[in-house]
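In what follows, every chain begins at residue 1, and chains take the letters A, B, ... in the order their sequences are listed. Keep in mind that the numbers below use all heavy atoms, side chains included, and drop hydrogens, waters and symmetry copies.
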2 protein chains.
Amino acid sequence: MPRAPTTTDVFNAIAEPRRRQIVELLARQGALAVGALVITMGLPQPVVSKHLGVLRKVGVVAVLKQGKQRVYNLEAEKLKIVHDWVKAFEELWGHQLDRIKERAERRAREQAESPTPVKPPKGQA
Amino acid sequence: MPRAPTTTDVFNAIAEPRRRQIVELLARQGALAVGALVITMGLPQPVVSKHLGVLRKVGVVAVLKQGKQRVYNLEAEKLKIVHDWVKAFEELWGHQLDRIKERAERRAREQAESPTPVKPPKGQA
DNA sequence: TTTACATATTCCCATATGGGAATATATTTA
DNA sequence: TAAATATATTCCCATATGGGAATATGTAAA
């Protein structure tokens, strides 16, 4: 199987700097028409539209027809997945001590529950 | 300009499901040798090594030579950027009411300050 | 040094991108 | 209906991917 289609996943959608910028703009300025984004970003309209398309497909933005304009607004909840995912590692860059402690606890817990599916590297654990 | 090299950016690094899985595994199980990851993930070794390569290049993981093994461990701080970025939108998926209110205020404010670079849709604002 | 093991690298391929240019598709307005 | 305006879509291209297969590299054991 070749590469996984990137346009299916929120993580991929926000992997593109321009798309992240769009998200930022919509978050800060509220709903915006394509034209506004085009001006602000200084990119050719088709390019902007295409990025919007990706974000739309993933659900990070939603469109609203308003006359001949298409007003896009952010669907922030869709970003929650990313937030939650990264947040899970928050502790790991927090206080060194807490971190070590938590890790130990967690490891112990899991060790107890299910014998890790991985053969631990023989020699030195 | 064609596509931007994906392997240069943390956002891109974690855009790949397998790579996210690696991060999860390292976070949960602590440092792991390539072999362990290979077994756990059920992927051919070269594939795993390549993903590790990407994560390494971006700094999300670090290697440690241990005999003939290469033990990888997570450099969680590198994920902080992502965390911070998404966290900025946290309020937007919080309380519905607050959100709407905030947005409205914000919009009003900006509308007043600078007449949006976009010609506002004449008819129904 | 030869052999075995662990991992990285290289080459190849099908596909997916991002952007440019041109064009199609609404939707108003004249 | 014929402009004009705002956006989306299509085609093309150079490049970047992810994975498969084979091979190189490094390191320990015989």
Side-chain angles (χ1 to χ4, degrees), chain A residues 1-9 11-22 31-58 61-73 118-124, chain B residues 1-9 11-22 31-58 61-73 116-124:
Chain A
M1 226 181 298
R3 182 208 231 161
T6 216
T7 354
T8 318
D9 180 308
F11 284 88
N12 268 303
I14 65 166
E16 231 285 331
R18 319 287 202 170
R19 283 192 296 256
R20 246 174 291 149
Q21 195 186 347
I22 292 181
L32 287 177
V34 178
L37 289 168
V38 168
I39 294 176
T40 306
M41 307 182 66
L43 291 176
Q45 174 264 313
V47 172
V48 174
S49 278
K50 272 182 265 186
H51 282 311
L52 284 171
V54 174
L55 292 172
R56 201 194 325 146
K57 190 173 306 181
V58 174
V61 302
V63 214
L64 191 65
K65 306 176 79 166
Q66 205 165 120
K68 36 187 170 184
Q69 320 208 147
R70 294 292 179 278
V71 179
Y72 281 82
N73 67 313
V118 194
K119 191 176 25 170
K122 253 173 309 193
Q124 54 299 36
Chain B
M1 224 181 298
R3 182 207 231 161
T6 217
T7 354
T8 318
D9 179 310
F11 283 89
N12 268 303
I14 64 166
E16 231 285 331
R18 320 287 202 171
R19 284 193 294 257
R20 247 174 290 150
Q21 193 186 349
I22 291 180
L32 287 176
V34 178
L37 288 168
V38 169
I39 294 177
T40 305
M41 307 184 67
L43 292 176
Q45 174 265 312
V47 172
V48 174
S49 278
K50 271 181 265 185
H51 282 311
L52 284 171
V54 174
L55 292 171
R56 201 194 326 145
K57 189 173 306 179
V58 174
V61 302
V63 214
L64 192 66
K65 306 176 79 165
Q66 205 165 120
K68 37 186 170 185
Q69 321 207 149
R70 294 292 179 279
V71 179
Y72 281 81
N73 67 313
T116 325
V118 195
K119 199 174 16 168
K122 249 171 305 191
Q124 58 302 32

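Closest of all the heavy-atom pairs between A:Phe11 and B:Ile14 is CD2-O, 3.9 Å. Of all non-hydrogen atoms in B:Leu32 and B:Leu37, the two that sit nearest each other are CD1-CD2, 3.9 Å.
Atom CG in A:Asn12 sits roughly 9 Å away from atom P in C:dG18 (whole-Å rounding). Rounding to whole angstrom units, CD of residue B:Gln66 and C1' of D:dG26 are separated by 15 Å. Computed from coordinates, the B:Lys50 NZ to D:dG20 P distance equals 8 Å when rounded to whole Å. Rounded to a whole Å, the NZ atom of A:Lys68 is 11 Å from the C1' atom of D:dT7. Atom-to-atom, CE of B:Met41 to C1' of C:dT7 comes out at 16 Å; the value is rounded to the nearest Å. The interatomic distance linking B:Gln69 (CD) with C:dC5 (P) rounds to 13 Å, in whole Å. The distance between atom NZ of B:Lys65 and atom P of D:dT25, rounded to the nearest whole Å, is 14 Å.
With DNA chain C read from its 5' end, the first of the two nearest nucleotides for A:Pro46 and A:Arg18 is the one closest to A:Arg18.
Listed nucleotides: D:dA8, D:dG20, C:dA8. Nearest to the side chain of B:Arg56: C:dA8. The B:His51 side chain lies nearest to D:dG18 when the options are D:dG18, C:dG19, C:dT27.
Side-chain atoms of A:Gln45 stay outside donor-acceptor range of the base of D:dA6, with no qualifying N/O pair under 3.5 Å.
A:Met41 has its side chain within reach of A:Ile22: a pair of non-hydrogen atoms, C-beta onward, lies under 4.5 Å apart.
Put simply, B:Tyr72 has a side-chain N or O that comes within less than 4.0 Å of OP1 or OP2 on C:dA8. Within the structure, a side-chain polar atom (N or O) of A:Arg19 is placed less than 4.0 Å from OP1 or OP2 of C:dG18.
Note on B:Pro44: only backbone sugar-phosphate atoms sit closer than 4.0 angstrom, heavy atoms only; bases stay farther off.
Contact check on B:Arg20 versus A:Asp9 returns a salt bridge, with a Lys/Arg side-chain nitrogen under 4.0 Å from an Asp/Glu carboxylate oxygen.
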